[in-house]
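Chain letters run A, B, ... following the sequence lines, proteins first and then strands; every chain starts at 1.
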Number of protein chains: 2
Amino acid sequence: MSNFEAFFDYIQEISGKLLSADDKHLLMAHFKPKKLRKRQYFLQEGDVCKYIGFIVKGSARTFTVDEKGHEHILKLSLENWWLADFESFYLLTPSRFNIEALEDLEVLQSTNAQIEEFLKHIPAFSAMANVISQNYTIANQKRVQAAMSYTAEERYEDLISNYPHFLKRFSQNMIASYLGLSPETLSRIRKNSLK
Amino acid sequence: MSNFEAFFDYIQEISGKLLSADDKHLLMAHFKPKKLRKRQYFLQEGDVCKYIGFIVKGSARTFTVDEKGHEHILKLSLENWWLADFESFYLLTPSRFNIEALEDLEVLQSTNAQIEEFLKHIPAFSAMANVISQNYTIANQKRVQAAMSYTAEERYEDLISNYPHFLKRFSQNMIASYLGLSPETLSRIRKNSLK
DNA sequence: CTATTAACGTGATTTAGGTCACTACCCTGA
DNA sequence: TCAGGGTAGTGACCTAAATCACGTTAATAG
């Protein structure tokens, strides 16, 4: 399956280790391909996040809805990213987040229990998990810092330089919400920075 | 050393595994006690974060200074927390952060290379690392969400309910900066919420 | 092929929170 | 013992960004 080829490549590249034929069979046996159409939910608020998904194709957003009905996007995800509310996934508590497909979505998904098995038995998988966890920590650290210390304009500039491809794949509304801005403010920022 | 006893207890409690006598000797051989006086720096901006420290006693803040000279506190740390800029520590890049003792500080510190050894040879240590990494991911996720979707007042309420002991150990100036607020705003919020 | 709905732009107005200025109260150290 | 830095409270003012209101165009569904 070409789905799995891309997945295997990803694991090997991130981990710097090779997957054996057995490793691959184990992964193929327990990662299930799943398709979601645009606007379908991978996870709904209140549910436990039973599955973690690896995005093969498409995009998604992770967001909350506050008491005033406003949506706040916590994460935008594309190909070769993992999809889950890790708090809910690790602790098996009901999630405070929604994860929704923004484009038709193909993921490979598995359960917490299975992931534990992969970590134990597949060295490349476990090495990958460590690297990803580091990357997440770093990315989150940056994001907190940006949210707290940067102005709206600086956060947008930051996004442009770090994730330029986001602008192609996500609507301005989504980007604005991801940056913690109103769509109007983002529109004005773009206008000013065109000069 | 009573220092190490608390450290060993912590590892065993978090990991759910026991440390052997050999494990303990290995840890004692390569975690060095270090004392910092109030206002001394554990890490300075521009330096590579060569050491990770486990706080035995005292408190510290991790902060940046922006172009206008304003300080932004990213993290406040107390006993039984780890002290490091993980980005710099993992990637060996110059840090964008400062870590400063807010009270006289006692840490047990070690290097990246040594940590790799502990992870390989001490199962309890490696299990602890996994749990901590999960906790960090969860805490960071919450903090990003709070920074993006909550008002100043909600963030303060959130702090009170999640980290009430922070109020006893850190000055209002520090709390304000941690919450991304001016000291004046925090002072007014406190006044209003007293009613 | 219309009819909606989503996406983006732009002006007028409001507001949360920042900035500046001044006061009072500890501490801590010479 | 007293001076000076750190800490907190409060008023007056300012500004970045949200909100509200409206148009325009582009995309999508029936």
Side-chain angles (χ1 to χ4, degrees), chain A residues 37-40 58-61 63-73 76 100-104 146-160 166-195, chain B residues 37-40 58-61 63-73 76 100-104 146-160 166-195:
Chain A
R37 303 212 53 210
K38 188 174 174 172
R39 248 160 263 161
Q40 282 188 300
S59 61
R61 62 176 180 143
F63 68 101
T64 50
V65 183
D66 68 24
E67 327 78 58
K68 289 164 213 135
H70 295 157
E71 298 177 354
H72 303 275
I73 295 181
L76 291 170
E100 182 202 28
L102 290 177
E103 302 169 334
D104 291 352
M148 309 274 289
S149 1
Y150 290 1
T151 64
E153 205 159 337
E154 287 166 338
R155 296 205 298 278
Y156 180 64
E157 302 293 344
D158 206 50
L159 180 83
I160 291 179
F166 271 30
L167 301 176
K168 304 224 153 81
R169 292 290 290 277
F170 300 107
S171 76
Q172 261 179 244
N173 284 337
M174 297 299 148
I175 301 277
S177 176
Y178 176 77
L179 292 174
L181 300 176
S182 69
E184 293 96 328
T185 297
L186 180 56
S187 174
R188 283 184 252 264
I189 286 172
R190 285 166 52 86
K191 186 178 157 193
N192 289 337
S193 66
L194 274 182
K195 50 172 171 307
Chain B
R37 303 212 54 208
K38 188 174 173 173
R39 249 162 263 162
Q40 282 189 302
S59 60
R61 62 176 181 144
F63 68 101
T64 51
V65 183
D66 68 23
E67 327 77 59
K68 289 162 215 140
H70 294 157
E71 298 176 353
H72 303 275
I73 294 182
L76 291 170
E100 181 202 30
L102 290 176
E103 302 167 334
D104 289 354
M148 307 279 289
S149 1
Y150 291 180
T151 63
E153 206 161 336
E154 288 166 338
R155 296 206 298 278
Y156 181 63
E157 302 292 344
D158 206 51
L159 180 83
I160 290 179
F166 271 31
L167 301 177
K168 304 224 154 80
R169 291 290 289 277
F170 300 107
S171 76
Q172 261 178 244
N173 283 339
M174 296 301 148
I175 301 276
S177 176
Y178 176 75
L179 293 174
L181 299 176
S182 69
E184 293 95 329
T185 297
L186 181 55
S187 175
R188 283 184 250 266
I189 285 172
R190 285 166 51 85
K191 187 178 157 193
N192 290 336
S193 66
L194 275 182
K195 52 171 170 305

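Between R169(B) and E103(B) there is a salt bridge, since a side-chain N of the basic residue sits under 4.0 Å from a carboxylate O of the acidic one.
In this structure, I189(B) atom CD1 and dG18(C) atom P are separated by 8 Å, rounded to whole Å. What separates NZ of K168(A) from C1' of dA7(C) is a distance of 19 Å, to the nearest Å. Summarising the geometry, the separation between CE on M148(B) and C1' on dA16(C) is reported as 17 Å, rounded to the nearest angstrom. A straight line from CZ of F170(B) to C1' of dT7(D) spans 16 Å, rounded to a whole angstrom. A straight line from OH of Y156(B) to P of dA8(D) spans 11 Å, rounded to a whole angstrom.
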Mind listing the N/O atom pairs, protein and nucleotides 18-20 of chain D, below 3.5 Å?
{"from": "dA18(D)", "atom 1": "OP1", "to": "G180(A)", "atom 2": "O", "distance (Å)": "3.4"}
{"from": "dA18(D)", "atom 1": "OP1", "to": "S182(A)", "atom 2": "N", "distance (Å)": "3.3"}
{"from": "dA18(D)", "atom 1": "OP2", "to": "S182(A)", "atom 2": "N", "distance (Å)": "3.2"}
{"from": "dA18(D)", "atom 1": "OP2", "to": "S182(A)", "atom 2": "OG", "distance (Å)": "3.1"}
{"from": "dA18(D)", "atom 1": "OP2", "to": "T185(A)", "atom 2": "OG1", "distance (Å)": "2.4"}
{"from": "dT19(D)", "atom 1": "O4", "to": "R188(A)", "atom 2": "NH2", "distance (Å)": "3.0"}
{"from": "dC20(D)", "atom 1": "N4", "to": "E184(A)", "atom 2": "OE2", "distance (Å)": "3.2"}

Strictly under 3.5 Å: I want the nitrogen or oxygen pairs between protein and nucleotides 25-28 of chain D, one per line.
none

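Considering only the side chain of K191(B), dG11(D) comes nearest among dG11(D), dA17(D), dG9(D).
Contact annotation: the side chain of S149(A) never approaches that of H70(B) to less than 4.5 Å [non-hydrogen atoms, C-beta and beyond]. In this structure, Y178(B) and L159(B) have side chains that are in contact, with non-hydrogen atoms separated by less than 4.5 Å. In this structure the side chain of I73(A) reaches within 4.5 angstrom of the side chain of M174(A), judged on heavy atoms. The shortest side-chain heavy-atom distance between N173(B) and L186(B) does not fall under the 4.5 Å cut-off. Annotation: side chain of S177(A) is not in contact with side chain of F63(A) (no heavy-atom distance under 4.5 Å). Under the 4.5 Å side-chain criterion, counting only non-hydrogen atoms from C-beta, Q172(A) is in contact with S187(A).
Residues forming a salt bridge (charged side-chain N to carboxylate O under 4.0 Å, His left out) with E154(B) (at least two apart in sequence, or on another chain): none. Remark: Y156(A) engages no residue in a ring pair (Phe, Tyr, Trp, His ring centres under 6.0 Å) (not counting sequence neighbours).
What you find for G180(B) and R155(B) is that their closest heavy atoms are O-NH2, 3.8 Å. Residues S59(A) and F170(A) approach most closely at CB-CE2, 3.7 Å, considering heavy atoms.
Between the side chain of D104(B) and the backbone N or O of K38(B) there is at least one donor-acceptor pair closer than 3.5 Å.
Take the nearest nucleotide of DNA chain C for P183(A) and for Y150(B): the residue whose nucleotide is more 5' is P183(A).
In the helix from dC1(C)-dG30(D) to dC26(C)-dG5(D), the end axes, each obtained as the rotation axis mapping the C1' atoms of four pairs onto the next four within a five-pair block, lie 50° apart to the nearest 10 degrees.
Within a heavy-atom distance below 4.0 Å of DNA chain D, the residues of residues 171-178 of chain B found are S171(B), Q172(B), N173(B).
Going from atom CD1 of I160(B) over to atom CZ of R190(B) covers 8.0 Å, rounded to the nearest 0.5 Å.
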